[in-house]
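Count residues from 1 along the sequence. Values below: all heavy atoms of this structure, side chains included; hydrogens, waters and symmetry mates excluded.
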Amino acid sequence: MRTRDIGDDPRTRRARTGAASVFPVPAQRLAVVDLGNELHTRPHVGAMSERLNWSVLHLHEAEELGWALTVNRPAAVLVIIPADLPPDPTTVARVRRATRAPIAVLADVTGPQSVALISAGADTVLPTSTREEEMGARVLALVRRAAEGSDAGARYLLSGPLRVDLWQREATLDTEPVRLTNTEFKLLVCLMEAGGQVVPASRLTSRVWGWAGGDDGLNTLRIGVGRLRRKLGDTVHEPRFVLSVRGSGYRFGGQVTEVGAREEERRTSETGSDLLLAERLARRCEELASAPDARSAASLVARSLVQEGTVDAIGLHLLDGDRLQLVAHHGFSAAWQEAAQELRLADSGFAAVRTLTAEEPVQLRRFSTKAGYARTAALAHVELPGTYLFVPLRSGSSVVGAMGLHRHSSEPFGPLSITYLKAVAALCGVCLSARWRTTST
C-alpha cells in the first residue's frame with residue numbers, strides 16, 4: 001500500500017509564519033482515506049492539519065486499509081469521498097473495524113446517504129465546503145471525546161501487573177510493554193470492561209471484528225484469544241487473564257480497577273499524597289472522637305468527605321436487625337434520603353446490601369438490571385448520573401454497615417481514593433457501631 005506522511009507536501013503546505021497553532025494540542029497524526037486520490041485538490045485539509053499541528057498519513061488503496069490503520073494508530077481518520085463516486089458505507093465500516101479512532105467523512109451527500117455512513121461507523125459527515133477552521137474544531141472535538149470518554153471517565157484499566165492505557169492504546173505487563181495488534185487490544189479491553197462477567201463469543205466477534213458470528217467468526221475468535229494469551233504469558237491450562245467458559249464465551253480472570261487520568265497522575269506524581277491522606281485520616285479520628293453520638297459522628301465525617309472534595313455525596317448506613325438504617329448523609333437530595341432511609345437485607349438489588357455480603361468495595365459506573373443492582377439503579381436515577389462506590393463498614397471481624405459514595409463526574413474512584421475511603425470506613429465501623437448499639441438500647 002502506498003502511504004506517505006504529507007506534513008511537508010508542497011501541494012498542501014502553508015507558509016509557516018512562526019505563529020502559534022490555533023489548536024494547542026500535542027502533535028498527532030491524521031489518517032486521510034482518499035478514495036479518489038485527490039487530496040492535492042483540497043488544500044483546506046492540509047491547512048487544517050497544520051492548524052492542529054498534525055502530520056497527515058495519506059491512504060488511497062482500500063485493500064490494505066486495515067493494515068495501515070492498525071500499524072499507524074492515527075488520532076483521527078478523515079474519509080474523503082469525491083463527487084464522482086457514490087458514498088460507500090463499506091469503506092467506512094472497514095475503517096471502523098481497523099481503529100477506535102474517531103472517523104469524519106468529507107462528502108456532499110443526501111440525508112439518507114449520511115445516515116448510511118454514520119450507521120456504518122462514521123462519527124460525523126461534513127460537506128466538502130466546510131472551512132478549515134470548522135473542520136479542525138470538529139475533528140478535535142471528536143478526538144477529545146474519544147480520549148476523555150464521553151460516557152466513561154476512565155483512562156486506565158488495572159489488574160495486578162497488567163496496565164492498559166485506553167487513551168494511548170498501550171498495555172504493559174510487569175512494567176514491560178505488551179505489543180498488541182489493534183484487534184488484540186480491542187479484545188483485551190472488551191473482556192476487562194465486562195467487570196468479571198462472561199462475554200458471549202457472538203458479542204466478542206461483533207464488537208472486535210464487526211461480524212455477526214458463525215463458524216468462521218468463532219474460529220477467528222479462538223485464534224485471537226490464543227495470540228492474546230501468549231502475549232500476556234497465559235497458558236491454556238492455567239490462564240491468569242483470559243479464561244474460557246465452556247459453551248458460553250470468555251471472561252477476564254483478574255479484578256479490574258478503572259482509573260481516571262487525574263487519579264493516576266495523583267498516585268504517581270504527588271510525593272506528598274501519603275502525608276495528605278494521613279492528615280485527613282487523623283482529622284476523621286478527631287471528628288469521630290469528639291461527637292456526642294453516632295448520628296453526629298457520622299454527619300461530621302460525611303460533611304468532611306464532601307467538603308475536602310473526595311466525593312460529591314455520601315450516605316452512611318448501619319445494620320439494624322434485618323435492615324440497613326440511614327444514619328447520616330450529605331450532598332444527596334431529600335428524595336434520595338426518603339428512598340434510601342431503610343434498605344432491607346433480603347433485597348440484594350441494593351449494591352449497599354451486596355457489599356455487606358461480599359465484604360469488599362463495589363464500584364458502579366454502568367448501571368444494568370442484569371448486573372443485579374436494579375434497586376440501586378432506581379435510586380441513582382433520583383440523583384445525577386455518575387460514579388458510585390459502596391464500602392463496607394467493619395468492626396473487628398464483622399461488617400456492621402455500608403458507606404455509599406457518589407461522584408457527579410464519570411471518573412472512577414482510583415486505588416488511592418479507594419484505600420483512603422476503606423480506612424475511613426474502618427474508623428467509622430469501629431466508632432459508630434458501639435455508639436449505635438448504645439443509642440438503640
Side-chain angles (χ1 to χ4, degrees), residues 1 3 29 31 33 57 59 61-77 79 89-103 120-123 143 146-147 149 152 154-157 159 162-173 176-194 197-236 239-245 248-254 256:
M1 180 177 192
T3 67
R29 172 168 286 184
V33 179
L57 186 71
L59 313 174
E61 291 186 8
E63 291 75 13
E64 299 184 27
L65 186 61
W67 174 84
L69 292 174
T70 299
V71 170
N72 287 280
R73 293 187 178 182
V77 180
V79 179
T90 303
T91 299
V92 174
R94 186 181 293 117
V95 172
R96 174 55 65 207
R97 287 195 297 269
T99 180
R100 294 180 67 180
I103 302 170
D123 295 288
V143 171
R155 173 174 179 174
Y156 303 96
L157 301 178
S159 181
L162 181 62
R163 180 177 182 271
V164 174
D165 186 335
L166 298 174
W167 293 14
Q168 297 296 327
R169 302 180 60 77
E170 296 172 348
T172 57
L173 183 62
E176 293 295 324
V178 182
R179 305 298 182 185
L180 300 177
T181 65
N182 184 65
T183 298
E184 292 161 355
F185 184 86
K186 289 195 290 186
L187 179 58
L188 176 60
V189 170
C190 187
L191 291 170
M192 294 183 75
E193 288 183 337
Q197 297 184 3
V198 177
V199 185
S202 58
R203 188 185 306 168
L204 286 171
T205 56
S206 175
R207 287 190 57 184
V208 178
W209 286 275
W211 296 352
D215 293 339
D216 290 343
L218 291 176
N219 186 54
T220 299
L221 175 60
R222 293 190 191 100
I223 294 173
V225 167
R227 290 174 177 169
L228 177 60
R229 279 174 168 166
R230 284 193 294 272
K231 292 185 179 181
L232 295 177
D234 272 2
T235 63
V236 176
R240 287 187 300 170
F241 299 115
V242 182
L243 309 183
S244 301
V245 181
S248 298
Y250 298 90
R251 71 176 179 87
F252 191 77
V256 178

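- No side-chain heavy atom of V242 sits less than 4.5 Å from a side-chain heavy atom of P239.
- Among all heavy-atom pairs drawn from L188 and F252, the shortest one is CD1-CE1, 4.0 Å.
- Closest heavy-atom contact between L243 and G253: CD1-CA, 3.6 Å.
- When every heavy atom of V198 is checked against every heavy atom of R251, the shortest pair comes out as CA-CB, 3.9 Å.
- Residues that satisfy the side chain to side chain donor-acceptor pair (under 3.5 Å) test with R229, not counting sequence neighbours, are S244.
- Taking T90 as the reference, D88 meet the side chain to side chain donor-acceptor pair (under 3.5 Å) condition, with sequence neighbours excluded.
- Nearest heavy-atom pair across A201 and L221 is CB-CD2, 3.6 Å.
- Put simply, the side chain of S159 never gets that close to the backbone of L162: no donor and acceptor are under 3.5 Å apart.
- E170 approaches F185 most closely through the heavy-atom pair N-CE1, 3.6 Å.
- Across all their heavy atoms, L180 and A171 have their closest contact at CD1-CB, 3.9 Å.
- Considering OH of Y250 and CZ of R203, their distance stands at 15.0 Å, rounded to 0.5 Å.
- Applying the salt bridge (Lys or Arg N to Asp or Glu O under 4.0 Å) rule to R96 yields the partners D123; only residues at least two apart in sequence or on another chain are considered.
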Next item on the list: Applying side-chain contact (heavy atoms from CB on, under 4.5 Å), run through E193 and V199 and close with a yes or a no.
Entry: CA-CA 10 Å; E193 288 183 337; V199 185; over 6 Å; no

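- Rounding to the nearest 0.5 Å places OG1 of T91 at 11.0 Å from CD1 of I103.
- A heavy-atom distance below 4.5 Å is not found between the side chains of T205 and T220.
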- Check the pair L204, L191 against side-chain contact (heavy atoms from CB on, under 4.5 Å), reporting the backbone distance first and the verdict last. CA-CA 8 Å; L204 286 171; L191 291 170; 4.1 Å; yes

Derivation of the side-chain contact (heavy atoms from CB on, under 4.5 Å) call for R240 and L232 = CA-CA 9 Å; R240 287 187 300 170; L232 295 177; over 6 Å; no

